[in-house]
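Report on one structure; see the data block that follows.
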Amino acid sequence: MHILNFSPAYAIYTSPAMPYKHRDTRRQQAMSSPAGRSITCSSKIPEFMVGTFGQPMPAVGLGTASHPFVAEDVRNAVLTALELGYRHIDTAALYASERVVGEAMAEAVRHGIVASRNELFVTSKVWCTQCHPELVLPSLKESLVNLQMEYVDLHLVHWPMAVKPSKPHFPMKREDIVPMDLSGVWQAMEECHQLGLAKMIGVSNFTTKKLQELLAIAKIPPAVNQVELNPTWQQKKLIEFCKDKGIHVAAYSPLGGQRIFEMNPVQQSDVLEEIGKARGKSVAQISLRWIYEQGASMVVKSLKRERLKENIEIFNWELSDEDRFKIDQITQRKLITVQNLLCPEGISSVDILDVDVLEV
């Protein structure tokens, strides 16, 4: 197996192309800029400085969740994204895309599309079925084998819920939900970091309530909270809480997610369409620019080269105050809840509201 190992897993803040003192200068500039944005950047995709030590995280990444999963489509999307300048690839144990992502990134390095592993930022996640203290580390090790890497840049608890141990899957049976040992799971995540297998650790789909529970027991606070975020689900309370606690917010479903049988609230937004027409931008670009101006990064999924290119053309312009005001007035609607993950029948011994991700 070819391992993309170009530096020790623990040598996380230096690289031949960017000595520590240069990264430190960039960090100081970024931390003093609006929303912690990086002022200087070696690529056209800016970076946020994330975590206790200011680890650079690209503002836009490629998401690889796909239903149905078609390996060749995901492989081509990763290669195309890397050719266009993307450096953050987001995957998860649940997505079944880790092996394809690893193969595509190894190919990109071999062909010179990417100079080294050091240029890549890779996120993966541990699923509910492995959200048990004794399974977190083995799950990450399995992910690393699939990715052909010695470490990930960011490892997340995918959902604040534990399900009886099994291979990652959904929908899950309600009767299989068990009380989550948050303290034990997070200690295992901290071990992943201490072993050098994850440069940073964080969470996904955590509400302010869940974050408070975690911060009360964490020795290493979560660097990132990846949540559903776009102009039709703005998460203002959560964003403010995370800013106050030094937790970076990353957006998934920044364009409203995959919708087959119902309207996509972002893509079908009259407000975003009006702003886009006035500015000569697409609805997608208006949504992504709005997210960036909140100080959040994002992972966007697309299989089309022109869309991938369009999604990173959001950094040399900005929304007006009038645009922002109009977006603030958009009716809010959350699309991803725990019900999306569960079989409709069955009874859970755990309160479903306690494992949901609806911010109240």
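Nothing fancy with the numbering, it's 1 onward along the sequence. Worth saying up front: this structure is predicted, and the values here are computed from it rather than measured.
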Check your understanding: Quick one: does Q234's side chain have a donor or acceptor within less than 3.5 Å of a partner on Q332's backbone?
Key -> no
Exercise for review: Would you check if the side chain of W186 reaches a backbone N or O of I220 as a donor-acceptor pair within less than 3.5 Å?
Suggested key: yes
Practice item. Look at the side chain of E150 and the backbone N and O of L197, then say whether any donor-acceptor pair between them is shorter than 3.5 Å. Key: no
Point to revise | Interatomic distance, E107 atom CD to L82 atom CG [nearest 0.5 angstrom] | key: 10.0 Å
Review point. Looking at side-chain heavy atoms only, is the closest gap between L140 and V126 below 4.5 Å?
Key: no
Review point. Just by distance, with hydrogens left out, do S320 and D323 show a side-chain donor and acceptor under 3.5 Å apart?
Key: yes
Point to revise | Short side-chain donor-acceptor distance under 3.5 Å, E359 and T207 | key: no
Exercise for review: Check V357 against T337 and note the closest heavy-atom contact, atom names and distance.
Suggested key: CG2-CA, 4.4 Å
Review point. D153 side chain to V122 main-chain N or O, any donor-acceptor pair under 3.5 Å?
Key: yes
Point to revise | Whether N311 side chain and R307 backbone form a donor-acceptor pair below 3.5 Å | key: yes
Review point. When rounded to the nearest 0.5 angstrom, what distance separates OH in Y292 from OG in S287?
Key: 15.5 Å
**Study point:** Between CD1 on residue I217 and CD on residue Q187, distance to nearest 0.5 Å
**Key:** 7.0 Å
Review point. Between the main-chain N or O of L120 and the side-chain N or O of R117, is there a donor-acceptor pair closer than 3.5 Å?
Key: yes
Practice item. Scan side-chain atoms only and decide if T129 and H169 contain a donor-acceptor pair under the 3.5 Å cut-off. Key: no
Point to revise | Side-chain donor-acceptor contact under 3.5 Å, N205 with Y252 | key: yes
**Study point:** Check: R324 side chain, L319 main-chain N or O, donor-acceptor pair, under 3.5 Å
**Key:** yes
**Study point:** Rounded distance [0.5 Å steps], CD in E83 versus CG in N76
**Key:** 9.5 Å
Check your understanding: Donor-acceptor pair, S282 side chain versus Q285 backbone, under 3.5 Å?
Key -> yes
Practice item. Starting from the C-alpha separation in whole Å, work towards a yes-or-no answer on side-chain contact (heavy atoms from CB on, under 4.5 Å) for T80 and Y86. Key: CA-CA 9 Å; T80 301; Y86 287 72; over 6 Å; no
Point to revise | Shortest non-hydrogen separation from V136 to A188 and the atoms involved | key: CB-CB, 3.6 Å
Point to revise | Verdict with supporting geometry, M189 and V203, side-chain contact (heavy atoms from CB on, under 4.5 Å) | key: CA-CA 10 Å; M189 293 288 287; V203 295; over 6 Å; no
Revision key, fill the gap. Closest non-hydrogen contact found for P58 with S297 is O-CB, 3.7 Å
Practice item. For the residue pair K199 and H193, establish whether any side-chain heavy-atom pair is separated by less than 4.5 Å. Key: no
Revision key, fill the gap. Between the NZ atom in K245 and the OG1 atom in T208, the distance rounded to the nearest 0.5 Å is 10.5 Å
**Study point:** Residues N230 and T232: side-chain donor-acceptor under 3.5 angstrom
**Key:** yes
Review point. How close do R174 and C343 get, heavy atom to heavy atom, and via which atoms?
Key: NE-O, 2.7 Å
Check your understanding: Salt-bridged, K309 to E306, with N to O below 4.0 Å?
Key -> no
Exercise for review: Would you please say whether a donor-acceptor pair under 3.5 Å links the side chains of S124 and T91?
Suggested key: no
**Study point:** same_hphob_cluster(L94, L135) at 4.5 Å side-chain heavy-atom cutoff
**Key:** no
Review point. So, for E98 and S143, which heavy atoms are closest and what is the spacing to 0.1 Å?
Key: OE2-OG, 2.7 Å
Check your understanding: For Y95, which residues count as a ring pair (Phe, Tyr, Trp, His ring centres under 6.0 Å) partner, sequence neighbours excluded?
Key -> H158
Check your understanding: Would you find a donor on one side and an acceptor on the other, under 3.5 Å apart, between the side chain of H88 and the backbone of V60?
Key -> no
Check your understanding: So, for S269 and I330, which heavy atoms are closest and what is the spacing to 0.1 Å?
Key -> OG-CD1, 4.0 Å
Check your understanding: Tell me, do P56 and V50 make a side-chain contact under 4.5 Å, heavy atoms counted?
Key -> no
Check your understanding: Within 45° of the ring axis of F315 and under 6.0 Å from its six-membered ring centre, is that where the NZ or CZ of R289 lies?
Key -> no
Exercise for review: Answer with yes or no whether the side chains of S348 and E175 bring together a donor and an acceptor at under 3.5 Å.
Suggested key: no
Exercise for review: To the nearest 0.5 Å, tell me how far L215 CG sits from F206 CZ.
Suggested key: 10.0 Å
Review point. So, W159 side chain and V355 main chain: donor-acceptor pair closer than 3.5 Å or not?
Key: yes
